Each structure stands twice: as structure tokens, then as C-alpha cells.
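All figures in this text were calculated on a predicted structure; none of them were measured in a lab. These numbers come from the heavy atoms of this one structure, side chains and all, not from hydrogens, waters or symmetry mates. FYI, the numbering just counts along the sequence from 1.
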Amino acid sequence: MGEVPKRQMVDFAYNGLGEIAYQKQDYPKALRYFTDGSEKIAAAQKLKDISVGRAKTLLALGKLDEAQKGFEQVASVREWRGEATAFSVYSLGQIAAKRGKWAEANAYFQRVYVGYQKFLPWVAKAYIASGDSFEKLGKTQEATNTYRESLRNQKLANFDEATEARTRHKARGPGS
């Protein structure tokens with residue numbers, strides 16, 4: 001990256017180094033790599049990954065407005081439809097939840113498990129987050145229904161969230 005900064009594959013370096021820094025929770029460094037990757041080189045091949053990385057780093061840093069803009073951008077690019085979109089919509093729900101906007105957060109979470117069923121890790125997380133949103137809104141029956149619905153989905157049975165849903169569903173008591 002330093003020796004030949006104009007090479008065609010340098011966007012892979014920015015993305016990879018940004019991801020390594022993110023995994024080490026060195027968010028300022030990760031943000032630098034992701035931002036440089038998007039601004040300095042117009043990362044053609046890895047623009048989606050760099051954009052997602054930058055948005056998730058901004059979220060981790062608590063920069064909610066900037067993170068929201070980043071995730072909205074990723075979710076709006078038709079060519080990027082797929083797991084990046086599911087993750088972005090889920091993350092928009094997290095941002096709304098951090099702001100205490102539980103109904104808005106829940107709408108994002110429901111959009112994930114209804115519209116992106118192919119991406120099971122995000123579906124599993126979205127069910128739990130949706131149930132939690134309903135609880136925060138005081139809608140315990142809707143929360144119970146959400147946990148029950150997630151438990152009916154056999155594709156989610158091996159996820160940790162299934163255990164969480166089972167625990168939360170049982171906590172609602174018999175007949176729930």
C-alpha cells in the first residue's frame with residue numbers, strides 16, 4: 001500500500017487493514033483506513049466492503065448521524081443487495097434503538113427478518129432485537145409472539161439467539 005499506492009488492488013489493503021483494526025477494536029485507526037480507502041482511491045472493487053466497514057466503525061465510535069448516513073447509502077445501492085444490505089438495515093435499527101426510538105428500531109429489525117430471510121445470522125439477531133424493542137415499548141404480547149415466531153424457524157435453531165429467544169419466551173410464563 002505504501003510502496004505502490006496507485007496499484008489496482010490497493011483497495012483490498014485499505015479494507016483488510018481497516019477490518020484488522022476494527023477487530024482489534026482500534027476504531028480510530030479502522031476509521032482512518034476505511035475513510036482513506038473510500039476517499040483517496042475510489043476503491044472500485046472493495047467500495048461496498050469499505051463503505052460497510054466505515055459505517056460500522058462510526059457506529060462503534062458512537063457517531064450515530066454519520067453511521068446512519070453510511071448504512072443508508074449501503075442499503076440504497078441496488079448492486080450491493082444481499083448480506084451488506086441486511087447488515088445495514090439491522091444496523092439502522094441499532095442506531096434507532098440507541099436513540100431510544102423503539103418503534104423505528106423495530107421497523108428496521110422486522111424488515112430484516114421479513115425481507116432478508118436468506119441471511120440467517122442477521123435474521124436471528126433481528127428477531128431478538130425486535131422482541132426487545134416490543135418489550136421496551138411495553139408490548140409484551142407482541143414480544144412473546146416474536147420470540148415464538150423465531151423459535152418456529154428451524155433454520156435458526158443452532159444460533160445462540162434461539163437459546164435467547166427460548167429463555168425470553170419462557171420468562172413470559174406458561175400459556176404465552
Euclidean distance, T57 OG1 relative to R32 CZ, rounded to 0.5 Å: 11.5 Å
To the nearest 0.5 Å, what is the distance between CG (L47) and CD (E79)? 11.0 Å
Evaluate the side-chain proximity of Y108 to S130: yes if any heavy-atom separation is below 4.5 Å, no if none is. no
The reported gap from OG in S150 to NZ in K155 (rounded to nearest 0.5 angstrom) is 14.5 Å
If you link ILVMFWY side chains whenever their heavy atoms are less than 4.5 Å apart, which other residues fall into the same cluster as V114? By chain and number, please. Y113, L120, V123, Y127, L156, F159
Looking at Y27 versus Y22, is the centre-to-centre ring distance below 6.0 Å? yes
Are side-chain heavy atoms of E72 and L92 found at a separation under 4.5 Å? yes
Taking NZ, NE, NH1 and NH2 as the nitrogens, is one of them in E19 or K56 under 4.0 Å from a carboxylate oxygen of the other? yes
Can you give me the closest heavy-atom contact between A126 and F109, atom names plus distance? CB-O, 3.4 Å
Measure the shortest side-chain to side-chain distance between K63 and K69 over non-hydrogen atoms and say whether it is less than 4.5 angstrom. no
Given F134 and N106, is the side chain to side chain contact (heavy atoms under 4.5 Å, CB included) satisfied, shown in steps? CA-CA 7 Å; F134 276 129; N106 199 21; 3.1 Å; yes
Distance (rounded to the nearest 0.5 Å) between E66 CD and L64 CG: 10.0 Å
Atom of G93, atom of A105 and distance for their closest heavy-atom approach: O-CB, 3.3 Å
Side-chain heavy-atom pair Q117, N153 within 4.5 angstrom cut-off: no
Quick test of your reading of the model: are R168 and E135 salt-bridged, counting only N-O distances below 4.0 Å? yes
Decide yes or no on side chain to side chain contact (heavy atoms under 4.5 Å, CB included) for K98 and L59, but give the supporting numbers first. CA-CA 10 Å; K98 285 182 181 284; L59 177 56; 3.9 Å; yes
Donor-acceptor pair, S76 side chain versus Q73 backbone, under 3.5 Å? yes
Going from OH on Y90 to CD1 on I95, what distance comes out if it is rounded to the nearest 0.5 angstrom? 11.5 Å
Heavy-atom distance under 4.5 Å between the side chains of K29 and L17, does that happen here? no
Side-chain contact test, heavy atoms from C-beta onward, threshold under 4.5 Å: evaluate it for Q141 versus T144 and give yes or no. yes
Does the side chain to side chain contact (heavy atoms under 4.5 Å, CB included) test come out yes or no for F34 and L58, once each step is laid out? CA-CA 10 Å; F34 290 131; L58 289 165; over 6 Å; no
Pairs in or reaching into residues 50-71: which pass ring pair (Phe, Tyr, Trp, His ring centres under 6.0 Å), with residues at least two apart or in two chains? F71-F87
Can you tell me if Q94 and R99 form a side-chain donor-acceptor pair at under 3.5 Å? no
Rounded to the nearest 0.5 Å, the CD1 atom of I128 sits from the OG atom of S133 at a distance of 11.0 Å
For A162, give me all partners under side chain to side chain contact (heavy atoms under 4.5 Å, CB included), at least two apart in sequence or on another chain. R166
Please check: side-chain N/O of R54 versus main-chain N/O of D49, any donor-acceptor pairing under 3.5 Å? no
